[in-house]
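Single-structure report; data block below.
Atom set for the values below is all heavy atoms of this structure, side chains included, hydrogens, waters and symmetry mates excluded. A note on names: the letters A, B, ... follow the listed sequences, proteins ahead of strands, and every chain is numbered from 1. Just so we're clear, the structure is a prediction, and the values are computed from it rather than from any experiment.
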Protein chains: 2
Amino acid sequence: MTELKEKIAGEITISENPGDVIKKWRKMFQVSQVELASHMDVASSVISDYEKGRRKPGTPLVKKIVESLIEIDNEKGGEVIERFSKPGQEGILSIGEFAKSIPLTTVVENVEGEFISEGKWEKEIYGYTVIDSIKAILSMKSFDYLSIYGWSTERILFFKGVEHGRSPLIAIRSTPLTPAAVSYIKPKKIDELSLKLAEEEGVPLIRTDLEVDELIKRLKNGCELP
Amino acid sequence: MTELKEKIAGEITISENPGDVIKKWRKMFQVSQVELASHMDVASSVISDYEKGRRKPGTPLVKKIVESLIEIDNEKGGEVIERFSKPGQEGILSIGEFAKSIPLTTVVENVEGEFISEGKWEKEIYGYTVIDSIKAILSMKSFDYLSIYGWSTERILFFKGVEHGRSPLIAIRSTPLTPAAVSYIKPKKIDELSLKLAEEEGVPLIRTDLEVDELIKRLKNGCELP
DNA sequence: CAGTTTTTTAGACTATTGACGAAATGCGGT
DNA sequence: ACCGCATTTCGTCAATAGTCTAAAAAACTG
């Protein structure tokens with residue numbers, strides 16, 4: 001949902017003619033100016049002024065327009081939103097980029113993790129993705145493994161719902177890209193095959209016993225910004 | 001490039017604290033307020049006022065900030081931009097969503113196309129993707145076939161650089177999703193196997209002899225908005 | 001620690017936005 | 001042609017953005 005909001009807001013903002021883009025998305029959501037204005041508690045001529053370019057919207061107003069379109073569609077059953085749901089990303093619980101690269105050892109420390117793989121790993125991490133393995137497996141035919149890389153492959157992947165560690169590694173090996181590191185969230189027992197697979201990929205394995213919510217919180221707060 | 005700009009602008013706009021997001025991205029690009037301000041030809045205290053939330057940016061200003069960050073990075077070799085390049089999308093020439101669903105027959109008419117597959121096709125099309133098959137093949141190991149679906153699978157895919165029509169269909173069959181239609185741009189000769197493959201997928205094959213630029217233009221102008 | 005750079009803060013002024021209401025225009029249906 | 005609904009246009013005013021300069025505070029480096 002946030003991604004769609006950002007997409008719309010970004011497109012409006014970057015455009016040479018924000019008014020045209022506002023109008024385009026309003027029509028996409030099949031909402032009249034009167035309806036949008038009513039939802040926003042303004043006069044409909046306000047919407048027209050922006051769409052025709054008489055006024056340039058500030059960010060608070062773009063935010064309000066976008067959120068209103070989303071809310072109106074939800075009230076109508078969410079059909080348009082459904083159409084704009086990207087396929088294959090159901091199992092991604094959280095994904096983000098760090099403001100600066102962070103040493104892997106620091107990330108692991110922050111999430112109270114411990115290395116399963118032996119050796120000294122001096123990688124720099126630029127982002128993270130937290131994945132629910134069960135959901136990913138259930139949508140096996142459609143899960144978009146490439147989407148877990150978001151904006152960079154130099155990231156650490158956290159898998160929840162893993163027992164022995166194999167399936168994420170096998171899936172990762174089926175894509176053309178390689179993450180910087182893989183971590184399991186509260187795994188049962190990591191077997192030797194997983195270690196071997198990871199070694200062949202040059203990917204360090206880590207484990208953490210943090211709760212998922214706490215993990216995500218730490219990734220967002222502890223690693224993203226000073 | 002546009003996608004990254006929209007991503008940054010969208011995140012700034014949708015945020016409860018745009019100033020914090022502006023600061024985050026400025027730091028990500030490793031640019032000081034002084035440098036950014038100088039590039040934008042304003043006083044550095046202007047940047048501070050926005051980052052600290054004393055002023056709320058209008059869309060023209062967000063646009064200017066984002067474009068300045070990108071330009072500054074380009075001047076420094078583009079390393080940060082490179083880091084944020086999504087892998088696997090090198091062969092996508094153009095991708096877009098229609099404001100409303102359009103009957104396939106109308107789309108085909110607009111691009112002066114003709115059906116190769118027999119029968120009456122009454123599909124509704126929600127978007128398009130124009131793909132350079134040569135580039136996609138060259139980055140064979142990393143081309144992200146799922147990315148061609150953008151925000152919806154209900155789209156028509158146009159393949160440029162196709163001789164007999166097989167490779168796109170084989171590639172499509174290797175992903176878990178199915179497009180609404182497939183069109184070739186100036187193909188040599190479509191062989192029977194391609195027809196058969198398409199038939200098995202329930203995907204109509206179309207051909208068009210438009211130049212790629214003209215095709216993209218028509219898709220953007222003729223189909224996107226009335 | 002000192003010096004330099006970066007960021008923040010505050011006051012001030014001009015231009016523009018945010019928003020209204022009323023009138024005009026456009027469009028589709030009967 | 002008329003009606004109802006949607007959109008556009010325009011004038012107006014209060015509030016806020018866009019921007020400056022100068023000083024203070026914070027951060028960084030050797």
When you measure from the side-chain N and O atoms of A:S48 to the phosphate of D:dT7, is any distance below 4.0 Å, counting only OP1 and OP2?
no
In whole Å, what is the span from the NZ atom of B:K52 to the C1' atom of D:dG18?
19 Å
What is the distance, to the nearest angstrom, from the CG atom on B:D49 to the C1' atom on C:dA10?
9 Å
With no angle test and no hydrogens, is the base of D:dT21 tied to the side chain of B:S45 by a donor-acceptor pair under 3.5 Å?
yes
Please work out if A:A43 contacts a base, only the sugar-phosphate, or nothing of the nucleic acid, heavy-atom cut-off 4.0 Å.
sugar-phosphate
Spacing between A:I47 atom CD1 and C:dG18 atom P, to the nearest angstrom:
11 Å
Nearest of D:dT7, D:dG18, C:dG18 to any side-chain atom of A:Y50?
C:dG18
For atom CD of B:E124, is the number of surrounding heavy atoms from other residues, nucleotides or ligands below 6.0 Å larger than 12?
yes
Taking only Lys NZ, Arg NE, NH1 and NH2, and the carboxylate oxygens of Asp or Glu, determine whether A:E114 and A:R207 approach each other closer than 4.0 Å.
no
Students often get this wrong, so: under 4.0 angstrom with heavy atoms, is B:S32 touching a base, only sugar-phosphate, or nothing?
sugar-phosphate
Consider the side chain of B:V42, meaning its heavy atoms from C-beta on, and name the nucleotide among D:dC20, C:dA19, C:dG18 that approaches it most closely.
D:dC20
Rounded off to whole Å, could you give me the CZ-to-P distance for the A:R54 and D:dT8 pair?
13 Å
Going by the ring pair (Phe, Tyr, Trp, His ring centres under 6.0 Å) test, name the single residue among A:F159, A:F98, A:F158 that passes it with A:Y128.
A:F98
In whole Å, I'd like the distance from the CD1 atom of A:I22 to the C1' atom of C:dG18.
13 Å
Short side-chain N/O contact to D:dT7 OP1/OP2 from A:R26, under 4.0 Å:
yes
Whether B:E35 and B:K76 form a salt bridge (side-chain N of Lys/Arg under 4.0 Å from carboxylate O of Asp/Glu) is what I want to check.
yes
Round to a whole Å and report the spacing from CD of B:E35 to P of D:dC28.
17 Å
Look at the side chain of B:K56 and decide which nucleotide, out of D:dC10, D:dG18, D:dA17, has an atom nearest to it.
D:dA17
Counting only side-chain heavy atoms from C-beta out, which of C:dT8, C:dG18, C:dA10 sits nearest to A:R55?
C:dG18
Working to the nearest 0.5 angstrom, can you tell me the gap between A:L93 CG and A:S133 OG?
9.0 Å
Per nearest nucleotide of DNA chain C, the residue lying toward the 5' end, B:S44 or B:P60, is B:S44
In whole Å, what is the span from the CD atom of B:Q33 to the P atom of D:dC28?
13 Å
What is the separation between atom CG on B:L61 and atom P on D:dT16, rounded to the nearest whole Å?
18 Å
